[in-house]
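Everything on this sheet refers to the single structure shown next.
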Amino acid sequence: MIRVDHILKSFDGRVVLDDISAVFEPGKTNLIIGQSGSGKTVLLKSIVGLHAVDEGLIYYDDILFNKLDFREKKALRKQVGMLFQGGALFDSATVEENVMYPLEMFTDMSEDEMRERANICLKRVNIVNANNLYPSEISGGMQKRVAIARAIALNPKYLFCDEPNSGLDPRTSIVIDNLIKEITEEYCMTTIVNTHDMNSVMGIGDKIIYIYQGKKWWEGTKEEILQSDNVELNDFVFASKLAKRLRYGD
Amino acid sequence: MTMYTMRFFNTLGSYILLLGKVFARPEKKKIYYKQVVKEIENLGLNSIGIVAIISFFMGAVITIQTAYNTENPLLPSYLIGLAARDSILLEFSSTIVALILAGKVGSQIASELGTMRVTEQIDALEIMGVNSASYLILPKIVAALLFNPFLCMLSMIVGVLGGWIAGVAAGVVSSQEYINGIQYAFIPYYILYAIIKTEVFAFIITSVSSYYGYSVTGGSLEVGKFSTKAVVSSSVVILLFNLILTQMLLS
Ligand SMILES: Nc1ncnc2c1ncn2[C@@H]1O[C@H](COP(=O)(O)OP(=O)(O)OP(=O)(O)O)[C@@H](O)[C@H]1O
Ligand SMILES: [Mg+2]
């Protein structure tokens with residue numbers, strides 16, 4: 001479980017996260033949704049400590065994350081997997097080396113064991129026969145999937161995904177969404193996914209938090225989201241003509 | 001003025017803080033060792049060509065110019081070789097080569113780290129609990145400290161050789177005169193002096209350009225800007241330390 005308590009974050013006096021509190025439960029896919037620029041990435045990066053928050057508390061289960069020193073944070077981070085919005089694969093390493101990297105850093109596995117584990121993870125995201133290619137030699141969607149494989153290599157207890165299926169075709173998106181949901185339930189991970197893709201919301205959103213201009217505007221389940229009267233949320237949810245027609249008719 | 005001074009101390013402060021992070025105790029030594037080997041290839045071996053070419057031509061030019069400037073028959077004939085040798089040993093193979101490397105290696109380091117910063121690769125390292133500053137920067141510094149003395153000596157040898165070939169080919173000095181000059185009143189300490197300077201400059205080039213690359217914020221446009229800054233700053237710092245070291249080591 002991850003809990004954030006009255007988080008405040010600003011850049012040069014411009015408030016980006018405004019008093020956000022939320023609980024993210026294990027074994028469920030927690031989604032953070034919102035328009036581009038609403039603060040999703042900043043929120044995720046604040047939770048993992050890449051941005052220092054100005055105010056507010058962050059708990060990983062019973063551990064108060066704000067209070068940890070460098071070494072304790074490091075120990076905690078072995079249990080964290082993160083997928084960055086742009087993939088963030090290491091340019092100078094091959095696909096396989098990228099996935100093996102966290103294993104090399106944190107485990108005492110032999111070279112063969114690491115390779116085996118890397119290949120299991122790559123297979124789960126449908127990457128085959130690309131082990132020795134460099135990130136610049138594979139497509140954007142493949143990079144995203146390799147990055148997911150890297151994020152799950154250590155079987156993390158906490159998984160953060162920043163827009164896992166932006167840049168993917170609809171079918172691959174669904175595969176990735178289902179993968180995230182599957183491993184979340186299988187290992188009872190605490191998973192937080194940033195997205196602005198309504199397909200994902202309706203597909204895997206066990207719990208959804210809607211961020212609007214840096215504030216938590218709404219929270220609920222995918223069943224509730226279609227029934228809400230929240231104007232800004234409906235603007236987001238029914239942004240497409242098709243969705244509008246489905247809800248309000250012609 | 002005060003604004004510039006403030007900014008200077010600000011930069012200096014964050015540079016020193018970063019170095020503190022860089023020299024924190026390495027966690028997995030084996031991985032660092034691998035990185036150092038990679039960086040020696042990247043930063044060192046790949047610089048051999050440019051250092052050799054520039055040294056050859058500079059040695060040639062220095063020799064020919066000295067010859068034309070000392071055409072007075074009263075001056076001894078070994079003077080050409082001697083002057084060429086001392087300019088190459090004292091300034092060229094250390095300072096000028098360092099300035100060239102600041103351009104080549106410095107911009108390479110800054111754009112590499114800057115790109116890693118803007119594409120979140122550094123964040124990805126941090127999230128894995130890796131001390132990214134140490135992991136990325138320390139191997140570069142160590143590789144340069146290990147390898148640059150070889151580049152310096154290579155430059156000395158090729159420079160003197162270039163002077164010899166060009167001087168004889170241009171007919172401004174005979175082979176024997178040049179060799180006599182090279183051997184005349186040779187002070188071995190000059191080589192040590194050049195190596196010491198090279199080590200200091202190697203540290204400056206790698207650490208200053210790493211600092212700029214690592215601190216990039218924004219997008220790819222900034223990466224370009226910061227790598228220019230890296231080259232300019234490391235060159236200025238090299239010239240400054242050249243002055244200080246010359247005063248300290250030769251007085
Ligand atoms: N390092 C930073 N420095 C200053 N401002 C920042 C920084 N990072 C983000 N911001 C600002 O914070 C706001 C929220 O950005 P964020 O990246 O969280 O949006 P997002 O919801 O993830 O959008 P998208 O869906 O496009 O990824 C933006 O206005 C952005 O300009
Ligand atoms: Mg984002």
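Below, chain A is the first sequence line, B the second, and so on; all start at residue 1.
- A:Leu89 touches chain B through its backbone: at least one of N, CA, C or O sits under 4.5 Å from a heavy atom, while the side chain does not.
- If you measure heavy-atom distances from B:Lys30 to chain A, you find no contacts under 4.5 Å at all.
- Ranked by heavy-atom pairs under 4.5 Å with chain B, the list A:Val80, A:Leu83, A:Asp91 is led by A:Asp91.
- Shown here is A:Lys28, whose NZ atom has no more than 12 heavy atoms of other residues, nucleotides or ligands within 6.0 Å.
- Around CZ of A:Phe70, the count of heavy atoms belonging to other residues, nucleotides or ligands within 6.0 Å exceeds 12.
- Heavy atoms only, all atoms of each residue included: A:Gly86 and B:Glu120 are closest at N-OE1, 3.6 Å.
- Both the backbone and the side chain of B:Ile127 have a heavy atom closer than 4.5 Å to some heavy atom of chain A.
- With a 6.0 Å radius and a threshold of 12 heavy atoms from other residues, nucleotides or ligands, B:Glu41 has its CD atom at or below the threshold.
- Against chain A, no residue from residues 191-221 of chain B qualifies, as none has a non-hydrogen atom under 4.5 angstrom away.
- The environment of CZ in B:Phe57 is sparse: at most 12 heavy-atom neighbours from other residues, nucleotides or ligands sit within 6.0 Å.
- When the heavy atoms of residues 91-117 of chain B are compared with those of chain A, the residues falling under 4.5 Å are B:Thr115, B:Met116, listed by number.
- Atom CG of B:Asp123 and atom CD of A:Gln85 lie 12.0 Å apart (nearest 0.5 Å).
- Considering every non-hydrogen atom in both A:Ala88 and B:Ala124, the closest pair reads O-CB, 4.0 Å.
- Under a cut-off of 6.0 angstrom, the local environment of CZ in A:Phe11 is crowded, with over 12 non-hydrogen atoms contributed by other residues, nucleotides or ligands.
- Evaluation of the salt bridge (charged side-chain N to carboxylate O under 4.0 Å, His left out) rule for A:Glu104 yields B:Lys34 as partners, not counting sequence neighbours.
- Under the side-chain contact (heavy atoms from CB on, under 4.5 Å) criterion, A:Ala93 pairs with A:Phe90, A:Glu97, A:Asn98, not counting sequence neighbours.
- Looking only at side-chain heavy atoms (C-beta outward), A:Lys73 and B:Glu126 stay at 4.5 Å or farther from each other.
- More than 12 heavy-atom neighbours from other residues, nucleotides or ligands sit within 6.0 angstrom of CG on A:Asp169.
- Within the 4.5 Å cutoff, the side chain of B:Thr119 has no heavy atoms near those of the A:Phe84 side chain.
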